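Bear in mind the structure is a predicted one, so any value in this text is a computation, not a measurement. Note on naming: letters A, B, ... go to the chains in the order of the sequence lines (proteins, then strands), and numbering restarts at 1 for each one.
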2 protein chains.
Amino acid sequence: MNIGEVSERTGLPAKTIRYYEDIGLVTPQRAANSYREFRESDVHKLAFLGNARGLGFSIEDCRALLTLWEDRSRASGDVRQIAKDHLVEIESKIAGLQAMRATLSDLVSACAGDDRPDCPILKGLAG
Amino acid sequence: MNIGEVSERTGLPAKTIRYYEDIGLVTPQRAANSYREFRESDVHKLAFLGNARGLGFSIEDCRALLTLWEDRSRASGDVRQIAKDHLVEIESKIAGLQAMRATLSDLVSACAGDDRPDCPILKGLAG
DNA sequence: CTTGACCTTCCCGTGACTGGAACCTCTATG
DNA sequence: CATAGAGGTTCCAGTCACGGGAAGGTCAAG
């Protein structure tokens with residue numbers, strides 16, 4: 001299977017798939033014309049990667065998860081730990097963004113937003 | 001005032017302050033020894049930048065906000081628009097992260113996390 | 001005079017791609 | 001058979017907002 005079809009089937013841009021090969025996440029075979037030749041197992045890996053990235057796992061997390069996925073004798077505790085750590089990160093990002101939203105929406109609602117120069121937002125940002 | 005003191009007073013790393021000079025956000029004077037010489041107005045600008053960045057505004061947003069801040073005849077509506085757009089972005093980031101959290105926490109709680117290889121997290125990621 | 005803190009510039013690296021140039025290969029059509 | 005166009009290849013540069021570290025100049029204290 002060529003990269004275009006894989007791209008369609010996984011939803012990943014061809015550029016991304018090439019990048020994943022570059023960094024060793026997938027290793028498709030090569031045809032005589034130097035085209036990449038993807039097997040079903042490559043497509044599954046790439047779909048897995050797409051899902052993991054979609055959940056915000058870093059590439060290195062993905063690499064670890066992929067290794068565990070391929071390891072039939074893995075301990076599910078290892079997977080769970082990675083996921084839990086990531087969950088904590090996500091939660092702290094959410095908290096940070098919510099704090100931003102709170103401050104910012106206060107400022108926005110305090111600002112008349114008309115032609116006059118008086119602006120509580122700028123005042124807020126100034127300190 | 002030297003960069004070290006400015007760094008302490010604004011909470012911005014010296015590296016960041018130099019970077020902000022590089023991209024034209026501040027333009028401190030120079031002393032004979034080639035050291036940067038910051039005036040109070042530079043410190044205020046940098047504090048403003050620190051606050052705006054802390055609320056997640058991009059550098060280009062900060063540049064625009066700074067220009068408006070310095071423009072005594074600005075319309076507060078311009079400021080408000082930038083802030084509102086940014087608020088929308090923040091909210092969509094929060095929504096994205098919350099969706100990740102929902103899926104991920106479902107997976108984590110479905111996973112026993114012991115020594116056995118059976119793992120709903122990997123199953124979920126596989127499709 | 002030396003030590004050590006502070007300052008300078010310069011260049012490379014980050015994460016996870018994305019865009020683009022220059023070029024090769026396959027397939028369908030005139 | 002020539003050609004056009006779609007798809008493939010490699011490689012290099014850029015993104016964003018800095019951070020690390022090298023190599024060297026400057027200043028105040030002892």
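- Pairs passing the salt bridge (Lys or Arg N to Asp or Glu O under 4.0 Å) check and including a residue from residues 63-83 of chain A, sequence neighbours excluded, read A:Lys45-A:Glu70, A:Glu60-A:Arg63.
- Residues in residues 7-30 of chain B take part in these salt bridge (Lys or Arg N to Asp or Glu O under 4.0 Å) pairs, two or more places apart or across chains: B:Arg9-B:Glu40, B:Glu21-B:Arg30, B:Glu21-B:Arg36.
- One interatomic measurement links the two molecules: NZ of A:Lys93 to P of C:dG15, which rounds to 13 Å at whole-angstrom precision.
- B:Ile17 has its CD1 atom 13 Å from the C1' atom of C:dC7, to the nearest Å.
- Residue contacts shown for A:Ile3 are limited to sugar-phosphate atoms, with no base heavy atom under 4.0 Å away.
- Rounded to whole angstrom, the span from the CG atom of B:Asp61 across to the P atom of D:dC16 amounts to 12 Å.
- Here B:Leu107 contributes atom CG and B:Leu125 contributes atom CG; the two are 6.5 Å apart, rounded to the nearest 0.5 Å.
- Applying the side-chain hydrogen bond (donor to acceptor under 3.5 Å, both in side chains) criterion to B:Asp42, with sequence neighbours excluded, gives B:Arg39.
- Rounding to whole angstrom units, CG of residue A:Leu25 and P of C:dA16 are separated by 10 Å.
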Quick tally for nucleotides 17-30 of chain D: nucleotides whose base has a protein heavy atom under 4.0 Å get B, sugar-phosphate-only ones S, the rest -, giving BBSBB---BBS---
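- Listed by first then second residue, pairs satisfying salt bridge (Lys or Arg N to Asp or Glu O under 4.0 Å) with a partner in residues 90-104 of chain B number zero, not counting sequence neighbours.
- Put simply, the side chain of B:Ser76 gets close to the backbone of A:Asp114: a donor and an acceptor are under 3.5 Å apart.
- Partners of B:Arg53 under the salt bridge (charged side-chain N to carboxylate O under 4.0 Å, His left out) rule, at least two apart in sequence or in another chain, do not exist in this structure.
- The stretch residues 69-117 of chain B participates, sequence neighbours left out, in these ring-ring contact (aromatic ring centres under 6.0 Å, His included) pairs: B:Phe48-B:Trp69, B:Phe57-B:His86.
- Note that the two end axes of the helix from C:dC1-D:dG30 to C:dG30-D:dC1 enclose an angle of 30°, each drawn from 5 base pairs, rounded to 10 degrees.
- Contacts of B:Asp85 classified as salt bridge (charged side-chain N to carboxylate O under 4.0 Å, His left out), with partners at least two apart in sequence or in another chain: none.
- To the nearest angstrom, C1' of D:dC16 lies 16 Å from CG of B:Leu49.
- Under the rule for a side-chain hydrogen bond (donor to acceptor under 3.5 Å, both in side chains), the partners of B:Lys123 that lie at least two apart in sequence or sit in another chain are B:Asp118.
- Atoms CZ (A:Arg30) and P (D:dG8) sit 12 Å apart, rounded to a whole Å.
- If you measure from atom CD of A:Glu5 to atom P of C:dT27, you get 14 Å, rounded to the nearest angstrom.
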Enumerate all atom pairs, one protein N or O and one N or O from nucleotides 2-4 of chain D, separated by less than 3.5 Å.
none

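- Atom CZ of A:Arg36 is separated from atom P of C:dT25 by 15 Å (rounded to the nearest Å).
- The ring-ring contact (aromatic ring centres under 6.0 Å, His included) pairs that include a residue from residues 1-45 of chain B number zero, where partners must be two or more places apart or lie in different chains.
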